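Read through the structure below, which is laid out as structure tokens, and then see the notes.
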Amino acid sequence: MVPETAKQPFEGDFADIAWCPGCGNFPIRKSLIAALQGLELDPRKTVLASGIGQAAKMPHYVEAQLFNGLHGRVLPAATAIKAVNPELTVIVTSGDGDMYAEGGNHLLHCIRRNPDLTLLVHDNMIYGLTKGQASPTSPRGMKTPVQTVGVFVEPFNGPALALALGCGFIARASAGEGEQTTELIMRAVRHPGLAVVDIFQPCVSFNKLNTYAWFKEHTYTLDDHDAGNRAAAFERCLESDPLPLGVLYENPNPPPTFEGQLPAYAVDDTPLWRRKPGPADAEELLAAYRV
Amino acid sequence: MVPETAKQPFEGDFADIAWCPGCGNFPIRKSLIAALQGLELDPRKTVLASGIGQAAKMPHYVEAQLFNGLHGRVLPAATAIKAVNPELTVIVTSGDGDMYAEGGNHLLHCIRRNPDLTLLVHDNMIYGLTKGQASPTSPRGMKTPVQTVGVFVEPFNGPALALALGCGFIARASAGEGEQTTELIMRAVRHPGLAVVDIFQPCVSFNKLNTYAWFKEHTYTLDDHDAGNRAAAFERCLESDPLPLGVLYENPNPPPTFEGQLPAYAVDDTPLWRRKPGPADAEELLAAYRV
Amino acid sequence: MPDNHTDVSIVLAGEAGQGVQTVERLLVRLAARAGLHVFATKEVMSRIRGGVNSTELRVGTRPVRAFVDRIDVFIPLVNQTMPHLQRRIGDETLILAETSRIDIHPGAVDVPLTAVAEEVGKALYSNSVALGLIAGLLEIDAGLLGEVVGEHFSAKGGEIAEANREAARRGRELGRGLVEDGRFSKTVTPDGDKGERLLLNGTRAVALGALAGGCNYCCAYPMSPSTGVLVELAARQDELPLVVEQVEDEIAAVNMAAGAAATGARPLVTTSGGGLALMSEGLSVIGNMELPLVLHCAQRPGPATGLPTRSEQGDLNLALHAGHGDFARVVLAPGNIEEAYRLTHHAFDLALRYQIPVILLTDQYLVDSFHDLGELPELESLDDHIVKTKADYRRYAYTESGVSPRGVYGHGAGFVRSDSHTHDQDGHISEDLHETRPRMVEKQLLKLEGLQAEALEPVLHGPRDYQTLLITWGSTLEPAREALENTRRDDVALLHFPQLYPLPLAALEYLGSAERLICLEGNATGQFADLLLRELGFAVDEKLLKYNGLAFTVEDVADLISDL
Amino acid sequence: MPDNHTDVSIVLAGEAGQGVQTVERLLVRLAARAGLHVFATKEVMSRIRGGVNSTELRVGTRPVRAFVDRIDVFIPLVNQTMPHLQRRIGDETLILAETSRIDIHPGAVDVPLTAVAEEVGKALYSNSVALGLIAGLLEIDAGLLGEVVGEHFSAKGGEIAEANREAARRGRELGRGLVEDGRFSKTVTPDGDKGERLLLNGTRAVALGALAGGCNYCCAYPMSPSTGVLVELAARQDELPLVVEQVEDEIAAVNMAAGAAATGARPLVTTSGGGLALMSEGLSVIGNMELPLVLHCAQRPGPATGLPTRSEQGDLNLALHAGHGDFARVVLAPGNIEEAYRLTHHAFDLALRYQIPVILLTDQYLVDSFHDLGELPELESLDDHIVKTKADYRRYAYTESGVSPRGVYGHGAGFVRSDSHTHDQDGHISEDLHETRPRMVEKQLLKLEGLQAEALEPVLHGPRDYQTLLITWGSTLEPAREALENTRRDDVALLHFPQLYPLPLAALEYLGSAERLICLEGNATGQFADLLLRELGFAVDEKLLKYNGLAFTVEDVADLISDL
Ligand SMILES: Cc1ncc(C[n+]2csc(CCOP(=O)(O)OP(=O)(O)O)c2C)c(N)n1
Ligand SMILES: Cc1ncc(C[n+]2csc(CCOP(=O)(O)OP(=O)(O)O)c2C)c(N)n1
Ligand code: SF4
Ligand code: SF4
Ligand SMILES: [Mg+2]
Ligand SMILES: [Mg+2]
């Protein structure tokens, strides 16, 4: 029996978490840790990778390997982490600004590459860390100190985009629904290939519109939805009120992963970081340039 | 009657066009000029904007206003051109690398903003100017000097992406189908808001797979397609062989444009470049900071 | 040090979200209305709630415009401290704390803020009690206090306003009590200057300077500490001819600005170091397309994400060299709030006249610091220098100054071609290596000659026949100036550079007259000292570098001077 | 100038796509096999077909490694010219053209390449005729010619190979005829060096140097002239433990490299100036995360898109300063092909030992130029310096050298935290301004001390007791060296810098011993001269700057020396 005082895996000892009291990131952290524990992952073989934002601080509050890079730039880094050591489980935590604004291009191409990563987008429909400007998912009409006349452009639809580009696993969760979120994260991690989970997350400090109550009221859990059907999934992705929670799409025949197709692993599956060329290889190749 | 030797509008006098003989950009140029003439646009009120690539050289070969910026970065510039002077017609010419790789993030957010631009993506499924590396739209299996084992990631689906993000006009054309292309460009320019036309373009120097003949064989013209239906359009966008040509989607109730919603034009529609604040405004505002 | 200060330095420390900033704002207004001079600066953690933030308020008889280490009155609202703050608390510091709740400061005098607030109504009013407390210490008139508190809370309804007024009044009594008991004995009195005064911080000065310069397009991606300028301008987008657009990333910002400028707008981009780094390629296109752009970079400590909410002067090298290839640019760095206003306007002037990017370097300390000041200089309305094009218009026509007439799309009979390649005078791509390429490079760099000739001269403070010359750029000016004034040394002067590139040749004489040069910079390598050596051939004898995330304090500089 | 050259300079000009490059490749191989020394460089337009490209081939008795203006034999295959090429054609130049088709060169001697090719079979073979023509002029053995042509065309089938061999043979007769008629009288003879020789260009040298340095991850976005290195490595991805990934943009490249490095790989990124500009923010994160990265930047003329296929040395300032904030980096710039091989390997060594970004600056001229050379230096196998982590592992532990033991994910019992903020030794975000912030900045910059101590020394060529010292960096080395050797002046020497930052202190003595310093650079402002002043305090007396898109020629430098 584990003594009561001992920390469970991933929990760590984080006295000072910089989120606001009541922030939706707390329940997401709880769901995430429960999922990692549920999957019985080894914290030393699990990397939490992120960019910058409130959501992106998550890796500092979970006891695991950590890569906390630049705002918007986590996906190329995470792709390489998995490619250089496929034995690692790599989870990316990100915000709606981090992933859908600054990081948009990497998202597109990460979906195309399909590395075996789990991408959690904490979607609070606002820029939290920079104090409340609109994010790509802010609803039309939302006023902020920058969007003084209200947001007047179309909110970004992450799930629809992922679906259009052929992502193999797309789900939507809500921070307020802890168990469901744990469940969805577990499924996402198990999915072989890129799995995107857009998680509604109340920001109690800056988003007074999309609160816990609002999300409760404006979401429903998918029931008789055929998640293996891309056309059906598209219609679900376009639904806006209420918003569906659950697995929107899971490809029954998931395409091969990026790292799985690399020539470097064609005959030898030793993680790349343990293998490298050297002077002998260079000299052998030089032979081709001898006159 | 115009004397035979006189140049028609937009044609200009371009002795040395840097494209390869036979390149699909020539017929696209022809279609584009025909469309601009057909629309009776004033070349001095028409801006051709582009980034870098073979397609992106187009503005240098059409007699009109020109903005030829950085690789991948034309859309934010074009958005501003239209915002600063809504009297201009702005056409963007781009390549599949320029727009879908380096420029991907701007594409996402330009679709959200919905400025009244026409975006032509010359889709040759290859990087032409840099001599034949795979582009985001290169088909799986295509070998190039960089993709030596063949492309093994999912080709980028521009139309599906545009549809997912709510673009109001999405069409696909083929350089080999000159009149149809002219027609589609005219419709795109007329559409009030962002109109995306992905144009198949043979690259005779580097893409030996997707030739004029290949495109002829692997495309068909949409016939009884309901272009006003987003779900139907999604299915069309996912078709891969044969590939549909024509208008894939046109929103019957196009959303308002970016420039149309700017507070700067709420009461005064004089182009912004003719209006600006000044010291008097600053001084008036200073009053608020007097103790 | 003998206590000969004519001001009181009060520091409040609280959690993010605890309302310290409200107290700061009200107190600044209150003191200024009372005819006192006031300065306020804050240092906050990168979080929305919790942690320890602090605000320094200096209230004085004479103008106060700089950050000091010394704390006369420390009011902790949180039971936690930070070593960099703790260090500033000295034997003479009067610590006022609610000792029942806050027990980590041994010598603290109890001030029952919450208890009083609760007596008035609720604990929430304790900020108003604290405000009153300070007003009491400063012997500020009760009527004025009520007025300022009332104005602030009036929007929340009469009852709330009244309760806060009462809380402030009760707080003031606490303060008066301390004075009467002899616990606090510093007095600051109005200097009799009855002129109207302005209360601005650097953010507002930059935003207003931009508007004075005719800025009609601002595009930016939020990034601390530069976001304030975006917000300040956004607040005006429905009254002025002004587009304010939050873009998807910094690269979009600079390229959007390029499109705006090519069409005739006067764009401003605001960002911090990481954003400027991302705009490097775009800066190069502004240079090669010959477009006017003002780029405001509010510096924070790097590298990479660094300390998002703190201050540094570590992006000078980047401002000088961002972008590839050789092209003309200007780098300006205001030293204080007036200069921020004036130089932002000047940046537009240079950008428009030379068709170049002008980078305006500020820092978190400057943009976030407030003080009262007299009238700002009157600024001129700037010309666009736009011509109506003729049919034979050439965007990049060779001229003697290197500046070609600026045409814009659709205005006139010509075609305007803005191009990012090496191009000919028409703006078409050119690969003529023999003639066009070198000539076009020279044309663009020729602008540097004009720019150098009119470069803003450095400003000397202190005696003319100095032996030691302190050198500052940016926000180090005011702490250094105050330290210098305090010491009254006749052998030490201060040379402040508002323009960093191209450097004014007038600097040569100043530098040459010194026996000893000391450069003060908020970075770890002495980037400006490097520039002085490279551009003017002067190696400084000493560098005082600070890179812990805080601006220089008056004491930092005073210690340096007293060691001379 | 008396014609005392021991080499022949042959220039072919043709349209893009006309096969000039095939002739170049075959001729280089042919000449080298014939025991001659050979150098080839090309200059091409930014287009795939058409225009005017040219290739210079120098074939000599002694090693030839540099670009010359002088053209001994000019073979235009296109009826068009470019002023910068035309300028190089002198009275002594033998122009060989198919005069029926190419009529713009008045003094041309007719060589009916197409007619001969058609006689053999088809016009397509005319490249082989041209190859044979040159072989004839150079008196290269017919058997060897047949062998080389045969090898090249064997893949296309026996008939085609035979036809090309015949075309070459016929071309050789044309060439022999010109020699016999006295139209051409230069002879170059093998120098008797029978050792095996290598034929490399700069691209291959960088790629092989990277593999020798253990590079196992290359991520890049195509950009001329850097793409060759990507292609060269891609060709090896199925034989070696090596991932080669073409990414969506340059920002992805540098951030992907960060992830790869944090996981234990040895990443290489290859790009040109515009790409490096885009990576500026990423470079700063490599610095702050303390990760090993080699970044190859093949320079082309800027600003902005500039001249995509030409050469320049205009990105030095960017390489020195890209990124925000202060952090340690190294900038290396190989002067020739051996150095490109050696320094790329060295770059990995420094990156791995110091956990820093190392920027390797080449340029279009260097990466695209070929010459024969002897064996390359033997290089050592490099250690990863990776430790197996213990439970108390700290990624950013303070050490005396500033370098912390390198742990990687999943190797050992510890947690490895790579972070982009100001962080503590564990890699967690820190806002401790008093201790952690300054100390961590100092820790990172401490590396510069070690780096400076082991900085590569500059290399002196020419007499030890010089009065005038020419200074070069990068690919200017070889043209300058040849010019210097030709003049045999005993008062002029050449100092070449393989390492640009940190600068080796050993340079001080060299610079101090000169009466006159002249810096040769391929940019418009003298960026390295600026650096010398800034870092070492030496102001050069003169700068020879070239920025028309072409590398320095031997004559450029010879003219400079003869004017001394
Ligand atoms: C290059 C760059 N630009 C801007 C920033 C400032 N920044 C930090 S987080 C953030 C956005 C935060 O929004 P989101 O990603 O939605 O995260 P949240 O805080 O809401 O969880 C921004 C703009 C930065 N750190 N780096
Ligand atoms: C920042 C930057 N990166 C890379 C390049 C090099 N580059 C120029 S065009 C191009 C891609 C060309 O492909 P595409 O956009 O499909 O145009 P195409 O030539 O095929 O029409 C690249 C990678 C560049 N100019 N700038
Ligand atoms: S600002 Fe919003 S997202 Fe950030 S920690 Fe606070 S509640 Fe959470
Ligand atoms: S390379 Fe291809 S795309 Fe470019 S001009 Fe030639 S054929 Fe056209
Ligand atoms: Mg958010
Ligand atoms: Mg293409």
Side-chain angles (χ1 to χ4, degrees), chain A residues 18 42-47 49 51-52 57 59-60 63-85 87-88 105-106 108-109 112-113 258-259 262-264 266 268 270-283 285-286 289-291, chain D residues 29 32-33 196-200 204 208-209 211-212 214-217 219 236-238 240-243 245 247-249 251-253 255-260 262-267 281-282 285 289 345 372 376 378-382 408-410 413 415-421 427-429:
Chain A
D42 175 354
R44 282 170 186 79
K45 297 276 182 203
T46 305
V47 183
I52 299 297
K57 287 181 183 166
H60 289 281
E63 194 169 66
Q65 306 291 354
L66 176 152
F67 182 97
N68 183 185
L70 291 171
H71 184 52
R73 310 302 172 184
V74 62
L75 287 180
T79 302
I81 292 169
K82 187 74 189 172
V84 172
N85 189 350
E87 292 173 358
L88 302 169
N105 203 31
H106 309 306
L108 300 185
H109 293 274
R112 292 184 55 226
R113 272 189 201 102
F258 173 68
E259 60 280 6
L262 290 172
D268 183 350
T270 311
L272 187 72
W273 74 272
R274 295 183 181 276
R275 296 182 286 144
K276 56 208 70 88
D281 297 295
E283 266 156 47
L285 292 168
L286 270 176
Y289 303 127
R290 268 180 234 285
V291 206
Chain D
R29 204 179 304 159
R33 277 217 205 144
E196 268 206 325
R197 272 179 294 169
L198 292 165
L199 256 182
L200 289 179
R204 290 174 180 171
L208 292 178
L211 293 175
C215 171
N216 57 2
Y217 204 105
C219 43
R236 271 81 207 203
Q237 64 183 321
D238 50 0
L240 293 176
L242 173 62
V243 168
E245 178 61 4
V247 286
E248 58 271 27
D249 58 30
I251 301 178
N255 286 282
M256 181 175 267
T263 314
R266 300 184 181 185
E281 191 204 18
V285 91
M289 281 192 161
H345 172 270
D372 65 293
L376 286 172
E378 271 198 35
L379 299 175
E380 277 181 28
S381 180
L382 301 176
V408 299
Y409 305 136
F415 289 106
V416 179
R417 298 193 183 87
S418 289
D419 178 64
S420 76
H421 302 80
H428 278 307
I429 302 170

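Values reported hereafter were calculated over all heavy atoms of this structure, with side chains retained and with hydrogens, waters and symmetry mates removed. Computed from a predicted structure; not experimentally measured. Just so it is clear: chains get the letters A, B, ... in the order the sequence lines come, proteins before strands, and each one is counted from 1.
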Next item on the list: Determine whether D:Ser420 and A:Ile52 make a side-chain contact, defined as any pair of heavy atoms from C-beta on separated by less than 4.5 Å.
Entry: yes
Notebook entry, point to check: Picking from D:Ser381, D:Gly214, D:Gly264, which has the most non-hydrogen pairs under 4.5 angstrom with chain A?
Noted result: D:Gly214
Check: How about D:Asp419 and A:His60: does a side-chain donor come under 3.5 Å of a side-chain acceptor?
Finding: yes
Next item on the list: Against chain D, work out which of A:Leu285, A:Val84, A:Leu70, A:Asp281 has the most heavy-atom pairs shorter than 4.5 Å and name it.
Entry: A:Leu70
Item checked: Which of A:Pro43, A:Ala80, A:Pro279, A:Ala78 touches chain D most, by non-hydrogen pairs under 4.5 Å -> A:Pro279
Next item on the list: Go through D:Arg266, D:Arg204, D:Glu380, D:His345 and name the one with the most non-hydrogen pairs under 4.5 angstrom from chain A.
Entry: D:Arg204
Note to self: Donor-acceptor check, side chain of A:Arg44 to backbone of D:Ala413, threshold 3.5 angstrom: yes or no?
What the structure shows: yes
Margin query: Under the rule for side chain to side chain contact (heavy atoms under 4.5 Å, CB included), what residues qualify as partners of A:Lys82, not counting sequence neighbours?
Written below: A:Val90, A:Asp116, A:Leu117, A:Glu259
Notebook entry, point to check: Mind checking what makes ring-ring contact (aromatic ring centres under 6.0 Å, His included) contact with A:His106, not counting sequence neighbours?
Noted result: none
Margin query: Please give me the minimum heavy-atom distance between D:Tyr409 and A:Leu88, naming the atom from each residue.
Written below: CB-CD1, 3.8 Å
Next item on the list: First locate atom OG of D:Ser418, then atom CG of A:Asn68, and finally report the distance between them rounded to the nearest 0.5 Å.
Entry: 9.5 Å
Checklist line | Considering all heavy atoms, the nearest A:Pro76-D:Glu248 contact | finding: CG-OE2, 4.3 Å
Next item on the list: Give the minimum heavy-atom separation between D:Arg29 and A:Val291, together with the two atoms involved.
Entry: O-CG1, 3.6 Å
Notebook entry, point to check: Do you know which of A:Asp42, A:Leu75, A:Asn105, A:Thr79 has the most heavy-atom pairs with chain D at a distance under 4.5 angstrom?
Noted result: A:Asn105
Notebook entry, point to check: With respect to chain A, which residue among D:Cys215, D:Ala257, D:Ala252 yields the maximal number of heavy-atom pairs within a distance under 4.5 Å?
Noted result: D:Ala252
Next item on the list: State, to 0.1 Å, how close D:Val247 and A:Arg113 come at their nearest heavy-atom pair, and which atoms those are.
Entry: CA-NH2, 3.3 Å
Checklist line | Per-residue contact mode, D:Ala262 against chain A (heavy atom under 4.5 angstrom) | finding: side chain
Notebook entry, point to check: A:Glu87 versus chain D, heavy atoms under 4.5 Å apart: side chain, backbone, both or neither?
Noted result: neither
Notebook entry, point to check: So which part of D:Leu200 gets closer than 4.5 Å to some heavy atom of chain A, the side chain, the backbone, both or neither?
Noted result: side chain
Note to self: Quick check for you: among D:Ile429, D:Asn255, D:Leu208, which has the greatest number of heavy-atom pairs under 4.5 Å with chain A?
What the structure shows: D:Asn255
Next item on the list: Would you confirm whether A:Asn85, through its side chain, and D:Thr263, through its main-chain N or O, come within 3.5 Å as a donor-acceptor pair?
Entry: no
Item checked: Option that, when pairs with chain A are counted at under 4.5 Å, heavy atom only, ranks first among D:Leu382, D:Val408, D:Asp372 -> D:Val408
Margin query: To check you understand the geometry: which heavy-atom pair defines the closest contact between A:Leu286 and D:Leu198, and what is its length?
Written below: O-CD2, 3.6 Å
Check: Taking the side chain as C-beta and beyond, is there a heavy-atom pair between D:Ile251 and A:Arg73 under 4.5 Å?
Finding: yes
Checklist line | Spacing of NZ belonging to A:Lys276 relative to CG belonging to D:Leu240, to within rounding of 0.5 Å | finding: 13.5 Å
Item checked: Residue selection (most heavy-atom pairs with chain D, distance under 4.5 Å) from A:Ala83, A:Ala264, A:Gly278, A:Ala282 -> A:Gly278
Check: Most heavy-atom pairs under 4.5 angstrom with chain A, which of D:Val285, D:Leu379, D:Val416, D:Leu242?
Finding: D:Val416
Check: Any idea which heavy atoms bring D:Arg417 and A:Ala64 closest together, and the distance?
Finding: NE-O, 4.3 Å
